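For reference, the structure discussed in these notes is given below.
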Amino acid sequence: MHIIIVAIMVAVVCVIGMMLQRIYQGPTVYDRMNGLGVTGADTILLIILFGYLDGRPEMYVDIAMSYTLIGFVGSVIIAKYLGGKDV
């Protein structure tokens, strides 16, 4: 079972790498925002998978939930900044 979790973690890290490329080379701001969203979601998944490898998923789920809230607030702030005063 650990081999499957490690394989999934490697795949998620590869997706994060591709999204980092999209963030740095994205032609529009919306591509970069999409890359940030996917990177945040994949990081949450990576935290939870690491919790299963460590044998204490309940602790890592709490950390992932905190990271989710911080990511949501950050996304709203960035969207407000990009949208201007009409949003």
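Keep in mind that what you see is a predicted model, and the values were worked out from it rather than measured.
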**OP:** Establish whether Leu69 and Met59 are linked, either directly or via other cluster members, by ILVMFWY side-chain heavy-atom contacts under 4.5 Å.
**Re:** no
Original post:
What is the minimum heavy-atom distance between Leu46 and Met9, and which atoms define it?
Top reply: CD1-O, 3.8 Å
**OP:** Would you name the heavy atoms of Ala64 and Ile44 that are closest together and state the gap between them?
**Re:** CB-CG2, 3.8 Å
Original post:
Can Ile16 be reached from Ile48 by stepping across I, L, V, M, F, W or Y side chains whose heavy atoms are under 4.5 Å apart?
Top reply: yes
**OP:** Flag yes if Tyr67 and Leu49 sit in one hydrophobic cluster, no otherwise; membership is Ile, Leu, Val, Met, Phe, Trp, Tyr, and two members link when side-chain heavy atoms are under 4.5 Å apart.
**Re:** yes
Subject >> Minimum-distance pair of heavy atoms, taken over all atoms of Gly26 and Asp31 >> reply: CA-CB, 4.2 Å
**OP:** Please examine the side chains of Met19 and Cys14, heavy atoms only from C-beta on, and report whether any two atoms are closer than 4.5 Å.
**Re:** no
Original post:
How long is the gap from NE2 on His2 to CD1 on Ile5, to the nearest 0.5 Å?
Top reply: 6.5 Å
**OP:** Give the minimum heavy-atom separation between Thr43 and Thr39, together with the two atoms involved.
**Re:** OG1-O, 2.7 Å
**OP:** Looking only at non-hydrogen atoms, find the nearest pair between Arg32 and Gln25 and report the distance.
**Re:** NH2-C, 4.4 Å
Original post:
In Å, rounded to the nearest 0.5 Å, how long is the span from CE of Met18 to CG of Asp42?
Top reply: 9.0 Å
Original post:
Which atoms form the tightest heavy-atom contact between Ile47 and Tyr60, and what is the distance?
Top reply: CG2-O, 3.5 Å
Original post:
With sequence neighbours left out, what residues match Glu58 under side-chain hydrogen bond (donor to acceptor under 3.5 Å, both in side chains)?
Top reply: none
Original post:
According to a 4.5 Å side-chain heavy-atom criterion applied to Ile, Leu, Val, Met, Phe, Trp and Tyr, with indirect links allowed, do Ile63 and Val12 form part of one hydrophobic cluster?
Top reply: yes
Original post:
Within a radius of less than 6.0 Å around CE of Met65, do more than 12 heavy atoms belonging to other residues, nucleotides or ligands occur?
Top reply: no
**OP:** Tell me whether Met33 is reachable from Phe72 by hopping between hydrophobic residues (I, L, V, M, F, W, Y) whose side-chain heavy atoms are closer than 4.5 Å.
**Re:** no
Original post:
Once you round to the nearest 0.5 Å, how far does CG of Leu53 lie from CE of Met1?
Top reply: 10.0 Å
